[in-house]
Amino acid sequence: MMRWILGIVINAVIVFLIANYLPGVHVDSWSTAFWIAILLAVINILIWPIKWLLSLVTLGLFGLIINIALFWGLSFFVNGFTIDGFVPAVLGGLILTVASSIARGILK
């Protein structure tokens, strides 16, 4: 449980840093970044079996595409989180996926 909470905190920090350094991605506050991290975690838990199976077939590419789509999709549902276009969504989702994977590897 503690690892899951720490993962959410790390993802919130990553989302906030992406918004500060990547043009086209905007997060209003830390609380918005935490909401995004929580929603990403919950959605990933719900779709994990499908994502895992399809990632095996596509050598991880499907998981990356899903993470990018989730990152962009949350901008439509979370107040205070906006993405200005396709390229910032892809770059932000890619950065989030790679940074989260590195953080998850360090936590283990």
Side-chain angles (χ1 to χ4, degrees):
M1 179 73 157
M2 189 63 170
R3 187 183 298 170
W4 190 74
I5 293 170
L6 186 58
I8 288 175
V9 170
I10 290 171
N11 277 347
V13 170
I14 293 169
V15 168
F16 198 76
L17 289 173
I18 289 170
N20 283 327
Y21 292 107
L22 183 64
V25 178
H26 312 282
V27 173
D28 287 348
S29 65
W30 278 102
S31 62
T32 303
F34 275 105
W35 273 113
I36 294 165
I38 290 168
L39 289 171
L40 282 171
V42 169
I43 293 169
N44 274 316
I45 287 170
L46 293 174
I47 66 168
W48 181 81
I50 296 167
K51 185 177 167 184
W52 180 79
L53 182 63
L54 292 174
S55 289
L56 282 177
V57 174
T58 62
L59 301 175
L61 184 61
F62 185 78
L64 177 63
I65 292 169
I66 289 294
N67 286 340
I68 291 169
L70 288 175
F71 186 71
W72 194 12
L74 285 177
S75 70
F76 296 107
F77 298 105
V78 177
N79 290 332
F81 177 50
T82 57
I83 299 177
D84 293 339
F86 180 73
V87 173
V90 169
L91 292 175
L94 181 64
I95 293 167
L96 180 64
T97 301
V98 170
S100 295
S101 295
I102 291 170
R104 198 172 31 249
I106 291 171
L107 288 177
K108 287 184 179 181

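Computed from a prediction, not measured in an experiment: that's the story for all the values here. Note that these values count all heavy atoms, side chains included, but never hydrogens, waters or copies made by symmetry.
- Closest heavy-atom contact between V27 and A33: CG1-N, 3.8 Å.
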Let me see the working for L39 and F77 under side chain to side chain contact (heavy atoms under 4.5 Å, CB included), right down to the final yes or no.
-> CA-CA 10 Å; L39 289 171; F77 298 105; over 6 Å; no
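- In this structure, CD1 in I102 is found 11.0 Å from OG1 in T97, a value given to the nearest 0.5 Å.
- Between the OG atom of S31 and the CD1 atom of I36 there is a distance of 9.5 Å, given to the nearest 0.5 Å.
- The CZ atom of F76 sits 10.5 Å away from atom CG of L74, with the distance rounded to the nearest 0.5 Å.
- In the displayed structure, W30 atom CH2 is contacted under 6.0 Å by more than 12 heavy atoms of other residues, nucleotides or ligands.
- A89 and W72 get closest at one heavy-atom pair: CB-CG, 3.5 Å.
- Note that the CG atom of N67 and the CG atom of N44 stand 5.5 Å from one another [nearest 0.5 Å].
- Within 6.0 Å of CD1 in I38 there are more than 12 heavy atoms belonging to other residues, nucleotides or ligands.
- Note: W35 CH2 to D28 CG = 15.5 Å, rounded to the nearest 0.5 Å.
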Do any side-chain atoms of residues 1-22 form donor-acceptor pairs under 3.5 angstrom with protein atoms, and if so which ones, sequence neighbours left out?
from : atom 1 : to   : atom 2 : distance (Å)
N11  : OD1    : S100 : OG     : 2.5
N20  : ND2    : F16  : O      : 3.3

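- Here the straight-line distance linking atom CD1 of I45 with atom CG of L40 works out to 11.0 Å at 0.5 Å rounding.
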